[in-house]
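First the structure, in the form of structure tokens, and then the observations on it.
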Amino acid sequence: MTGAAAGLVDRVRGVQLSGLATVAMLVVAVAVNSALQPNFWDSYALTSNFATFVPLVAIAVGQTIVVLSGGLDLSLGAQVTLASVVAVQVVDGSLDRFPLAVAAALGVGLACGALNGLVVALLRLQPIVATFATSFVFSGLALVVLPTPGGSVPFEITTAYRDSVLGVPVALLLIVALALVWLVLRRHRVLRHVYAVGGDADAAYASLVPVARTRVWAYVLGGLFAALSALAILANTGSGDPFVGNELTLASVAAVVIGGTALAGGRGGAGGSVLGAIVLALVTNIIFFADVPTDYRQLVNGAVIILALALAGIPALQKRRPSA
Amino acid sequence: MSTPVVDTPRRGLTAWRPGPVALAGTVAVALVIAGEIVSPGFAGYGQLVNLMRVAAFLGVIAIGQTIVIIAGGGGVDLSVGKVATFSAIIGSRVMAGDDANIVPAVALALLVAAAIGLVNGLGVTLLRIPPFVMTLGMIGVVQGLILAYTGGQAEGRAAPALTSLVNGRVILDLPGLLFLWLLLGLLAVWLLRRTTFGWSLFAVGANRTAAELTGVRVNRTLILAYVLSATFAGLAGILLLGYTESVFLDLADQYMLPSVAAVVIGGTLLAGGIGGYAGTAVGAIVLTVLQGLLTTLDIGGAWRTVVNGVVLLVLLSLYGRQRRLRS
Amino acid sequence: MSTPLLEMSGVRKRYGGVQALDGAELTAVRGEVHALLGPNGSGKSTLDKTLAGTVVPDAGTIRIDGAEARIGGPRDAHALGVAAVYQQLSIVGDLTVTQNVVLGLEPARRFGFLDQRAARDRAGAALERFTAAFAGRLPLDRPASALGPGERQIVEVAKALARRPRILVLDEATASLHKEQVDVLFDVVRELRADGVLVLFTSHRLDEVFALCDRATVLRNGRTAGTVELAATDEDELVRLMVGDAPHQAPRAARAGAAGAGSAAEGPVSSPAATLEVRGLTTDRLRDVSFTVRSGEVLGLGGLQGQGQSELLLALFGGAHVGAGEAVLDGRPLPLSSPVKAARAGVALVPGDRGRQGMFAVRPIQENLSLASMHRRATARLALRGAAERGAATAMVERLRIKIGSLADPVSTLSGGNQQKVVIGKWLLDRPRVVLLDDPTKGVDVAAKEEIYAIVRGLADDGAVVILNSSDNRELTELSDRVLVVFEGTVVEELDAEAISERRLISSALRLGPGETL
Amino acid sequence: SSDDGDGGDGGSGDQPYTIGLSNGFVGSEWRTQMVDGLEEAFAEYEAEGVVDELVVESADTDVNGQIQQIRNLINRGVDAIIVNPNSETALDAVFREATGQGIEVFAIDQAVTSEDVTNVVIDQAEWARISADWLAGQVGQGGNVVVVNGIAGHPANEMRWGAAEQVFTDAGVNVLTVADGNWDQATGQQVMTNLLATYPDVDGVWTQDGMAEGVFRAVDAAGRLDRITISGEARVGFMRLWNDARATGFQSIGVVNPPGGAVSALHMAVNVLDGREFASGTIDGNTVHVPIPYTVDETTFDQYWGEAGSESDAYSLDGSLTRDEAADFFE
Ligand SMILES: Nc1ncnc2c1ncn2[C@@H]1O[C@H](COP(=O)(O)OP(=O)(O)OP(=O)(O)O)[C@@H](O)[C@H]1O
Ligand SMILES: Nc1ncnc2c1ncn2[C@@H]1O[C@H](COP(=O)(O)OP(=O)(O)OP(=O)(O)O)[C@@H](O)[C@H]1O
Ligand SMILES: [Mg+2]
Ligand SMILES: [Mg+2]
């Protein structure tokens, strides 16, 4: 085998195969869903489905970056909540202030990410528990900012979010845009360093990678994507709610893994996570349209998710032997 | 080498570090004192016993969590809360308030819990699903099992004997629960520090490849770790049932992440291979005292949540820190 | 001589209970290859790391070009022109070779966006010299994890070279390299010397030191024992500096006694008539390997590194996927499906990568020693008795003369040689019938090496089947009763006792015809 | 089923109707009772040919998941959606999608702000006021109470506590502290235990549903049942404790928060789909307050305990509008 061919095989096996598993899952999910749901391809069903996907997709991209850096952010959901309530307080129903609200949300994401970066990278707390702790801070602050649900998003925004351009749902365009942002980031030095730090922090440190700064960046980027997720939620819900994002956290981790990114860090990418998030959402739909009895739905849902997690891990199974 | 020796060889088999345990203990005492200052009566004997009693549930759930985390490789069991709930639901239904049914009820509940742990273990080892998401997915499955089993209505009740075992005062006005916790805690410490399982577990957590090449049955050890984790969670569910006497569908769910926090505050490394149960037990007490303290502060729910987060961060930075890259 | 390029003085560093550096000194000039020598654990790597910025010393000054250097991290070191090849490589397995070579100094366009082409060019240029090591084609786009140990070592070297250092630190950079690759590296180093670069060179292979270096500084117990001109020094003198006044390890005669006496206390080691027969063993990297070893015999595995020797040992220990073939020990088939079964059948493996495969760095020495055999001493295979475990471990510490503080200390606090003894010791407690040793003295200093030789010999004398893979031909010559030369996964030649010589080993390894020489 | 948009007002009455239920939380027996009750009432209509299918979306999920639930129901082509909302406001946009497709939406248990939706709920403020009034009467002016609330920031929690707080202020009752018990019995028990330790002179506890049993046990364990008055709940578990303690003079109150609200909403939905309009005065904005069925107190305890005592502990005393009562809300 020539070196080039070997390189190709390595690359296909290492990175793309996990991607393949995810793509296969997506194809199956779409096929099953459209078989069970007669109007799956109708315009309303399409736009509404994609509108549902965006928040999880966005937060999953953010989680991917943090996971790639070797961390985990259990506060992303709380960040979504905080960013959304701040944005809704800023926008207060007026379209003119929407850009300001976007800026405010991103600012919140940045600040939250920076705090997480501080505690994880500089104070060196263990990410799982440190971000669990900061999630209390963020969700508490969300309640302070918006003690009870309220506030409204300009009508134009919620309408545009549900619209489609030339038959393509706006929400789908947003997902494509998120994927593009990821592709751009991938070509940036910070993301390369994120991969290096997640792959082997000691080696990266010895190789002049600014480890601490890179980790902070990973959490900040995570926060920024959480802010984008918050904006999508606002467009989806039309108003503010101080609990809105909290449950997204764990789902985002599941999406990342189904997307083929290693939780240990350093390996994977957000493309898979985007698909993984969509797969997760489709599973819920499928179980609904398959008329699984109510009492068993959650059981089937859980089992299918575990199955998806197992399938996503199959490529890793191939390099099993510890000693090789 | 002419280097001075710090430890004498007599000191124990495992590298037991007083650091985290002592530190967490100090924090617990400091919190109690703070509580007494903020709201007098907080440090009263009765209240301390109460706090310990509340800590016991977290403490027992965190036994399994400690084991799983020591096993390393990202080991963590997020399903403990749900498993505890399920176990209590089964226990309550089979017991149906009758002492005669205690044994089959507890046996069945623990058996089911262990089976769930077995599935977790198999998923983590054979299917190589990362523990975090495997046990996360298991939450959904167990919730599904609960709904399928109960049809959404939990029924039954704790047997009086269980209730008096848990709540009844034994000596010094201490409830039986505390003695049960002590017993289970000692069992956990023994298991980790004086059994082949415990040493294998630490070895697997410290270096999985080397463990395999040293003839340790890595997968079996890991599976056993998850089975034990679920079993201890099931036991905690039964104890909780004795405490509340009746069950409901999310009885113990809220213990999921606090059990991890207790382990970490107690000085066990999330990366695996280092730690122990003594620290975890103190960690559980610290968290419980903190909750008690926050409850008595009249600052409103939102700020209470914020303060909770900040104090947690402070606690974690006391001992939960990772090593530096540059030595 | 003008101002020295590098002056390190009074450097101290303490790790927990270990004083790794205790006032070490080093002075070196531009355009010199300066050897940094010393036994295991003498602080060479630590001194290198203080220079490279990954270790901050507790005390001491570093002057570069006469100016005091403040090195707070690797980036500071880089700014001062220091680049290092670390003993523990700084390669990120998930990144490609190109990405590794440029890591931390990625060529970028505006706003930090990467310039991939420039990166490839830079990596290609840095690796060009070593093309031969990669079967003629640079693996620029392969993930580093797919490379062999030697290839990774070369990437690490290329990475350091790509940083265009004024001071290049090579910490055991030749440990995993073939002879030809070492030659290429030496050529490069000589060019650098000609360009005025200072190269700090650490190796346990003294022939390399004499071949390449101008001067040598010897460390002992974290202190500088002396600096010598190599042209005016011989091997004995260097060894004396390293070992100090401690008596040099006695030769062959004493060996069997040393280990044998210890094992007598442990009881009988094995049945005397064990025979291991391997037939047609085939794995991903082995083809149809067959041989027979008797108890009491040390079978050496020779040949170039990476021809499948490690894989063979791993396969016999159930750690590789065996496609075909079998191994029979005393007429009974040896299970090759898992290490657990192999260990139960009385096989022991001392693996080649100590840190990754052999020891539990953060766990106490006690547990490291007990783990392989604790089931035997446990009640109901579960409950351990503290006294029994301590007793067994203490006996092994004494028998192998492991230098430790306390059994409760993490094994990571030991020096490399002592760590290796712990890894060997855990198996001796298990009384194995077959002992597989994969480069047991790699990176181990002279004194410890002699002790390990004695242990190996003792094992065979006590009746074990011993198979030894070594990258050190002298070691094979001294220890082996027979040597199998392995090439591309098959045994190509068998050398018996009389035929074993370093020269013969090398020519066989390179598969030279009878008439050819190096 | 009909998914041609025919709007709320011009209901053409092309039976049978398809009804969807969206429930975003299943971790509580109350919700199970709600779903079960709805299914029973639905079966009656089904036998009459008025409806043909009840599509139930019931799972633990968040707002985003519930939006997905509702969209699935829309895609399923239902005629009306009964929703127990996870948020007061955050479903507004998806409700508009539903009404845009001609679907009638009814919110139960928790009112929502959307004007596209008809809220069919009890008055949470009134619900809270009844027990707070009673407690204030028991502890009297100057009495000290502690409060174990549900989840801070949750709309029902805020609405209830807002009303109760007002009652206490007006009656001159001191509120020593407010703690959160997450509507969870075990947490309620632990929180109450903490409060008892640090507030020695408590005269009464006001708590919301789901936690009274835990509060009772905590007070009982502290041996202060004789000195502390507890506002209770109309659930069998609590009533069992109450029943046992009555011998020692223990008194409490349980205001019914009926899971049967879903049934009331179903009746309303059928009327609306049949094309009928709400009578003036029955609807306030977009909210229809169904009456609180009844209250368990000292005088009525025996009656209700007799009726429900054999149910499981988690059973909530229930009540819903009959069809005729529901019809009275319409012109
Ligand atoms: N893993 C680590 N453990 C401990 N300290 C670290 C670690 N990584 C970095 N630091 C310290 O954190 C700070 C910031 O780290 P960073 O990796 O960005 O270093 P840097 O090379 O100084 O970067 P810059 O040149 O941008 O300042 C520095 O003081 C560094 O020494
Ligand atoms: N990170 C560390 N933590 C604790 N002790 C350490 C650490 N690194 C090195 N040591 C100890 O410091 C001493 C010096 O180690 P160092 O690696 O510098 O030795 P060396 O001369 O490079 O040995 P070798 O020839 O085996 O590579 C040894 O006793 C070693 O065990
Ligand atoms: Mg070294
Ligand atoms: Mg700096």
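All figures in this text were calculated on a predicted structure; none of them were measured in a lab.
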Inset, instruction - If a pair satisfies salt bridge (charged side-chain N to carboxylate O under 4.0 Å, His left out) and one of its residues is in residues 248-259 of chain B, list it, with sequence neighbours excluded. - result: B/Lys82-B/Asp253
Legend entry - Proximal component of B/Pro258, with respect to chain A [non-hydrogen, under 4.5 Å]: both
Legend entry - From A/Ile306 atom CD1 to B/Leu127 atom CG, the distance as rounded to the nearest 0.5 Å: 9.5 Å
Inset, instruction - Name the member of A/Val119, A/Leu72, A/Leu250, A/Leu141 that forms the most heavy-atom pairs with chain B at distances under 4.5 Å. - result: A/Leu250
Inset, instruction - Supply the atom-to-atom distance A/Thr249 OG1 to B/Leu257 CG, rounded to the nearest 0.5 angstrom. - result: 9.5 Å
Inset, instruction - Spell out the residues in residues 286-297 of chain B that have some non-hydrogen atom less than 4.5 Å away from a non-hydrogen atom of chain A, in order of number; otherwise answer 'none'. - result: none
Inset, instruction - Let me know if B/Ile129 has heavy atoms under 4.5 Å from chain A in its side chain, its backbone, both or neither. - result: side chain
Inset, instruction - Using a cut-off of 6.0 Å, state whether more than 12 heavy atoms not belonging to B/Tyr149 lie near its atom OH. - result: yes
Inset, instruction - Could you check if a side-chain atom of A/Phe132 sits within less than 4.5 angstrom of a side-chain atom of B/Val260, using non-hydrogen atoms only? - result: no
Legend entry - Residues of residues 136-145 of chain B contacting chain A, heavy-atom criterion under 4.5 Å, by residue number: B/Leu136, B/Gly137, B/Met138, B/Gly140, B/Val141, B/Gln143, B/Gly144, B/Leu145
Inset, instruction - Determine the minimum heavy-atom distance between B/Ala302 and A/Val144, stating which atoms define it. - result: CB-CG2, 3.6 Å
Inset, instruction - Can you check whether anything in residues 277-287 of chain A gets within less than 4.5 Å of chain B, heavy-atom wise, and list it by number? - result: none
Legend entry - Atom of B/Thr305, atom of A/Ser139 and distance for their closest heavy-atom approach: CG2-OG, 4.1 Å
Legend entry - Interchain contact, B/Ala210 with chain A, by part (heavy-atom threshold 4.5 Å): neither
Inset, instruction - Among B/Val264, B/Leu315, B/Leu313, find the one that has a side chain to side chain contact (heavy atoms under 4.5 Å, CB included) with A/Val129. - result: B/Val264
Inset, instruction - Starting at CG of B/Leu270, measure out to CG of A/Leu125 and round the result to the nearest 0.5 Å. - result: 11.0 Å
Legend entry - Minimum-distance pair of heavy atoms, taken over all atoms of B/Leu312 and A/Ala133: CB-CB, 3.6 Å
Inset, instruction - May I ask you to name which of A/Val137, A/Val304, A/Leu143, A/Thr134 has the most heavy-atom pairs under 4.5 Å with chain B? - result: A/Val137
